[in-house]
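Working notes for the structure below.
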Amino acid sequence: MSEPISALNHASYDGIAKIEECGLQGMITLRGDLSDKVLAKAVKDATGQKVPGQREAFVDGDTGVCWMSTDELLVLVPYAEVEAKLAAMTNALSGTHALAVNVSDARAVFRVSGANAREILGKLAPVELSAEAFQPGQIRRSRLAQVAGAFWMDDAETFRIVCFRSAAYYVFKLLKVAAQPGSEVGVY
């Protein structure tokens, strides 16, 4: 059996910000009633986090949970643990109207870090990214030029971006162009 590899095998670029493909990340899409106590316990057991509210992301390293819509969460776990966490979650949710699916290999994850990280994302997504409007602990689903994506901040200068694996090369190239030396706009 072949070994899993990430979409771009840890590609990186240094410009006005550092762009990195993060590698393998365990991801479970969880759909259901987000106010359900059984679902909340399954999320807490898998991640140690409570169910986030609208546009919240509770992420620490490769573990956490992100609000994706009124009935959908993205559960992050270490890649090596995703099958076990999914099985435990599915077992815990039996009898509950919910759906949990491993989407790890269908997604790619990037990190944009540095003092100009907001500027990089601001060139690509129609989202207000000022420090007053967007801070660590928040998530947005939006467009990255022509493709869908979601992003949150790990800290004041670091974003993590999730996109479909099939668009990984395109997103990496977008991020690289937005991070070209001399392309600073100075908005953020």
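Closest of all the heavy-atom pairs between Ala125 and Ser142 is CB-OG, 4.1 Å. The heavy-atom pair separating Cys66 from Ile139 by the smallest distance is CB-CD1, 3.5 Å. Ala148 approaches Cys163 most closely through the heavy-atom pair O-CB, 3.9 Å. Taking each heavy atom of Ala100 and Leu30 in turn, the nearest pair found is CB-CD1, 4.0 Å. Across every non-hydrogen atom of Ala42 and Ala92, the tightest pair is CB-CB, 4.2 Å.
In the hydrophobic clustering of ILVMFWY residues, with side-chain heavy atoms under 4.5 Å counting as a link, Tyr170 and Phe151 come out together. At a threshold of 4.5 Å between side-chain heavy atoms, the hydrophobic network of Ile, Leu, Val, Met, Phe, Trp and Tyr places Leu144 and Val109 in two separate groups. Hydrophobic clustering of Ile, Leu, Val, Met, Phe, Trp and Tyr side chains at less than 4.5 Å, counting indirect connections, unites Ile19 with Tyr169. Val162 and Val147 end up in different hydrophobic clusters when Ile, Leu, Val, Met, Phe, Trp and Tyr side chains are linked at under 4.5 Å. Follow the hydrophobic side-chain contacts under 4.5 Å out from Ile28 and you never reach Leu74; the two are in separate clusters.
The side chain to side chain donor-acceptor pair (under 3.5 Å) search around Lys85 returns none, not counting sequence neighbours. Every residue two or more places apart in sequence or in another chain was checked for a side chain to side chain donor-acceptor pair (under 3.5 Å) with Thr70, and none qualifies. The salt bridge (charged side-chain N to carboxylate O under 4.0 Å, His left out) search around Asp105 returns none, not counting sequence neighbours. With sequence neighbours excluded, the residues forming a side chain to side chain donor-acceptor pair (under 3.5 Å) with Thr158 are Asp155, listed by chain and number. Residues that satisfy the salt bridge (charged side-chain N to carboxylate O under 4.0 Å, His left out) test with Arg143, not counting sequence neighbours, are absent from this structure. Evaluation of the side chain to side chain donor-acceptor pair (under 3.5 Å) rule for Lys41 yields Asp45 as partners, not counting sequence neighbours. A search for salt bridge (charged side-chain N to carboxylate O under 4.0 Å, His left out) contacts involving Glu83 returns nothing, not counting sequence neighbours. Residues that satisfy the salt bridge (charged side-chain N to carboxylate O under 4.0 Å, His left out) test with Arg111, not counting sequence neighbours, are Glu20.
Applying the side-chain hydrogen bond (donor to acceptor under 3.5 Å, both in side chains) test to every pair with at least one member in residues 114-127, sequence neighbours left out, gives these pairs: Lys123-Ser183. Contacts classified as side-chain hydrogen bond (donor to acceptor under 3.5 Å, both in side chains) and involving residues 8-19 (residues at least two apart or in different chains) are given here: Tyr13-Gln180.
The aromatic rings of Phe172 and Phe110 sit parallel to each other, their planes meeting at less than 30°, with 60° as the upper class boundary.
Proximity of a side-chain donor or acceptor of Gln25 to a complementary backbone N or O of Val77 within less than 3.5 Å is detected. Put simply, the side chain of Trp152 never gets that close to the backbone of Asp154: no donor and acceptor are under 3.5 Å apart.
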Please tabulate, for side-chain N and O atoms in residues 126-138, each donor-acceptor pair with protein atoms closer than 3.5 Å (sequence neighbours left out).
{"residue": "Glu128", "atom": "OE2", "partner": "Ser130", "partner atom": "N", "Å": "2.8"}
{"residue": "Glu128", "atom": "OE2", "partner": "Ser130", "partner atom": "OG", "Å": "3.0"}
{"residue": "Ser130", "atom": "OG", "partner": "Glu132", "partner atom": "OE1", "Å": "3.4"}
{"residue": "Ser130", "atom": "OG", "partner": "Ala133", "partner atom": "N", "Å": "3.3"}
{"residue": "Gln135", "atom": "NE2", "partner": "Ala131", "partner atom": "O", "Å": "3.0"}
{"residue": "Gln138", "atom": "OE1", "partner": "Gln135", "partner atom": "N", "Å": "2.7"}

Name every donor-acceptor pair, under 3.5 Å, that has one atom in a side chain of residues 49-63 and the other anywhere in the protein, sequence neighbours excluded.
{"residue": "Glu56", "atom": "OE1", "partner": "Gly53", "partner atom": "N", "Å": "2.5"}

Trace of the side-chain hydrogen bond (donor to acceptor under 3.5 Å, both in side chains) decision for Glu21 with Ser6: CA-CA 8 Å; Glu21 193 254 354; Ser6 64; 2.9 Å; yes
Intermediate values then yes/no, side chain to side chain contact (heavy atoms under 4.5 Å, CB included), Met27 and Leu76: CA-CA 5 Å; Met27 291 182 250; Leu76 304 171; 3.5 Å; yes
Walk me through it: do Ile120 and Ile16 pass the test side chain to side chain contact (heavy atoms under 4.5 Å, CB included)? CA-CA 8 Å; Ile120 304 306; Ile16 63 171; 3.6 Å; yes
Before you tell me yes or no, could you show the steps for Val38 and Leu93 under side chain to side chain contact (heavy atoms under 4.5 Å, CB included), namely the whole-Å CA-CA distance, both residues' side-chain angles and the distance that decides it to 0.1 Å? CA-CA 7 Å; Val38 173; Leu93 293 169; 4.1 Å; yes
Begin from the C-alpha positions of Val171 and Phe164 and carry the test side chain to side chain contact (heavy atoms under 4.5 Å, CB included) through to its verdict. CA-CA 9 Å; Val171 170; Phe164 289 110; over 6 Å; no
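Only one option out of Val103, Leu24, Asn102, Val75 pairs with Val82 in a side chain to side chain contact (heavy atoms under 4.5 Å, CB included); it is Asn102.
Using a 4.5 Å heavy-atom cutoff, the side chains of Trp67 and Leu34 are in contact. When side chains are defined from C-beta on, Val112 counts as touching Ile161, because their heavy atoms get closer than 4.5 Å.
Rounding to the nearest 0.5 angstrom, the gap separating the CG atom in Leu121 from the CG atom in Leu175 is 7.0 Å.
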